[in-house]
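What follows is a set of notes on a single structure, which appears directly below.
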Amino acid sequence: MTSTDATGGGVSLLDPYDAVLLVSFGGPEKPADVLPFLENVTRGRGIPPERLAEVAEHYHHFGGRSPINDQCRSLLAALRTELDRRGIGVPLFWGNRNWKPYLADTAAELFAAGHRRVLALTTSAYPSYSSCRQYREDLYDAVADRPLTIDRIRHYATHPGFVTASVNATLAALDVLGDHAARARLIFVTHSIPAAMAATAGPEPRTSTGAYVDWHAAVAAEVTRRVERRRGIPYRHELAYCSRSGTPQQPWLEPDIGERLSSLKAAGCSGVVVVPIGFVSDHMEVVFDLDTEAAQRAAELGLGFARAATAGTHPAFVEALADLLCERAAAARGEVTQPAVIDGVEPGWYSCQPACCPNLRDSNRPSLCQLTTAASSGNSGRSFAL
């Protein structure tokens, strides 16, 4: 099943939407799925077979099963409970970009069930090509020629609910670190992306680093400030990256988390808390790159190490997602909204500028949820959101 429904309860708070779609990355659920899944992920990127085989071993280390699909099921269940609590009975659907349930199949299911205007939320919280536009491109393809309109909630990494989940997780990880906690370095980790992609993330005008890096830096700074207030101790913090791929000649965001652990130990650091703010749940990049490789590197170095939890189904995060759904629906109804956001940053966007997070390989590929000067016919899934 790719949908859940509630009995009783109205949908007025989400009008004009008649369904909610959770959009995620997808992952294999058994060993035979691993290589086909990786081929889906890397199609058209020229990744050599030996690199795919290397990454496949990450999955086989965990029995050939990614944790991401089970976490989507858990998030759907938690969101169902929260929406029911608010009296919102709109059905929830789920579709993935790279594995079952595929977005195209879920779009067909939505249409067959009579849904015509759907509100999407993605499990990616930040702006960049790989974490935003690529999802919107796949939504465009999934809708095909059906008269199905899909809008989306705004990017939400800077929502106070997401930040609260990270603060609580960081505090818990500091407790685990014990004697090293007072002098620990907070290392906020996200997925590395090509430097060219990072530089073009977000709408114009951009800073020199782009919105992907800027948003992570803002979230890291806010989490650190709140942790300092709670513990009464100042902490140094920084960004690091994991899961680099591509050719060695192509610049990607650095430093790599493993290399940074080594340099911190050499500089006299005694312990670190690794906070995976770039991931909303324990993806393979978290359980392998951080819990396995980074933890092993820290142990070899004699460096105190604790990994903070991802947002997952933290109540503050689930409540934030419900708030974001209601906020987007209010905007679609033409109501004035006051988006919740941490201090010092702008809220995310309901729809993206054409030049936002461009596809550097195929600039003409269409996507949903994008501003356009072309008039919409109003009866096509390829019409655009506010």
Side-chain angles (χ1 to χ4, degrees), residues 2-24 72 75-95 103 106-107 109-111 113-125 127 132 135-136 139-140 142-143 146-162 280 315-341 346-352 367-372 376 378-386:
T2 58
S3 67
T4 66
D5 203 348
T7 57
V11 297
S12 59
L13 290 176
L14 286 191
D15 284 344
Y17 302 108
D18 53 30
V20 169
L21 172 62
L22 178 68
V23 184
S24 194
C72 284
L75 181 57
L76 280 169
L79 188 58
R80 174 78 278 154
T81 297
E82 177 61 21
L83 293 177
D84 289 349
R85 186 183 70 80
R86 301 182 186 206
I88 301 172
V90 65
L92 307 180
F93 289 74
W94 167 37
L103 273 175
T106 303
E109 183 182 355
L110 280 160
F111 186 76
H115 300 291
R116 295 297 180 266
R117 190 163 186 185
V118 177
L119 183 54
L121 68 91
T122 71
T123 56
S124 183
C132 179
Y135 282 76
R136 297 188 291 108
L139 280 169
Y140 183 97
V143 168
R146 300 182 186 92
L148 179 66
T149 297
I150 299 180
D151 298 337
R152 66 120 194 261
I153 67 170
R154 59 183 167 95
H155 310 81
Y156 52 80
T158 54
H159 191 287
F162 181 78
V280 302
F317 178 53
V318 175
E319 291 172 11
L321 291 178
D323 288 344
L324 286 157
L325 292 169
C326 293
E327 173 199 304
R328 183 65 183 92
R333 296 192 298 268
E335 299 173 15
V336 175
T337 62
Q338 294 183 323
V341 65
E346 296 293 325
W349 313 278
Y350 299 138
S351 301
C352 293
S367 62
L368 288 189
C369 309
Q370 179 171 299
L371 296 170
T372 178
S376 167
N379 62 356
S380 168
R382 300 177 186 219
S383 60
F384 301 110
L386 298 173

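We're numbering straight along the sequence, starting at 1.
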What is the distance from atom CG of L75 to atom CG of L321, rounded to the nearest 0.5 Å? 6.0 Å
Across all chains, not counting sequence neighbours, the ring-ring contact (aromatic ring centres under 6.0 Å, His included) partners of Y156 are F317
Before you tell me yes or no, could you show the steps for S124 and C132 under side-chain contact (heavy atoms from CB on, under 4.5 Å), namely the whole-Å CA-CA distance, both residues' side-chain angles and the distance that decides it to 0.1 Å? CA-CA 7 Å; S124 183; C132 179; over 6 Å; no
Heavy-atom closest pair (S24 atom, C72 atom, distance to 0.1 Å) is OG-SG, 3.3 Å
Is any NZ, NE, NH1 or NH2 atom of the basic residue among R86 and D323 found under 4.0 Å from an Asp or Glu carboxylate oxygen of the other? yes
Closest heavy-atom pair and its distance - A157, F162: O-CD2, 3.2 Å
Where do D151 and Y350 land on the side-chain hydrogen bond (donor to acceptor under 3.5 Å, both in side chains) test, with the steps shown first? CA-CA 8 Å; D151 298 337; Y350 299 138; over 6 Å; no
Tell me whether the guanidinium CZ or amine NZ of R116 lies under 6.0 angstrom from the six-membered ring centre of F111 and within 45° of its axis. yes
For a side-chain contact (heavy atoms from CB on, under 4.5 Å) check, start with the C-alpha distance between D18 and V118, then their side-chain angles and the critical distance, and finish with the verdict. CA-CA 6 Å; D18 53 30; V118 177; 4.3 Å; yes
With rounding to the nearest 0.5 angstrom, report the CD1 to CG distance, I153 to L324. 4.5 Å
Are P127 and W349 packed together at the side-chain level, in the sense that at least one heavy-atom pair is separated by less than 4.5 angstrom? yes
For A78, give me all partners under side chain to side chain contact (heavy atoms under 4.5 Å, CB included), at least two apart in sequence or on another chain. T313, V318
Measure from the side-chain N and O atoms of R146 to the backbone N and O of L110, and report whether any donor-acceptor pair falls under 3.5 Å. no
Atom CD of E346 and atom OG1 of T158: how far apart are they, to the nearest 0.5 Å? 9.5 Å
side-chain contact (heavy atoms from CB on, under 4.5 Å) assessment of Y135 paired with L103: CA-CA 10 Å; Y135 282 76; L103 273 175; over 6 Å; no
Atom CZ in R136, atom OG in S351: separation rounded to 0.5 Å? 8.0 Å
E327 versus A340, closest heavy-atom pair with distance: OE1-N, 4.3 Å
In Å, rounded to the nearest 0.5 Å, how long is the span from CG of L92 to CG of L22? 8.5 Å
Going by distance alone, is a donor N or O of one side chain under 3.5 Å from an acceptor N or O of the other, for Q370 and S367? yes
Side chain proximity check, L21 to L139, heavy atoms < 4.5 angstrom: yes
More than 12 heavy atoms of other groups within 6.0 Å of Q338 CD: no
Do H159 and R154 come close enough that some side-chain heavy atom pair is under 4.5 Å? yes
If every non-hydrogen atom of E82 is compared with every non-hydrogen atom of A322, which pair is closest and at what distance? CG-CB, 3.7 Å
Shortest non-hydrogen contact from R80 toward P91: NH1-CA, 4.0 Å
About how many Å separate OH of Y17 and OG1 of T149, when rounded to the nearest 0.5 Å? 9.0 Å
Could you walk me through whether L14 and R328 satisfy the side-chain contact (heavy atoms from CB on, under 4.5 Å) test, starting with their C-alpha distance in whole Å, then the side-chain angles of each, then the deciding distance to 0.1 Å, before giving a yes or no? CA-CA 8 Å; L14 286 191; R328 183 65 183 92; over 6 Å; no
For V280 and A125, which heavy atoms make the closest approach, and how far apart are they? CG1-CB, 4.3 Å
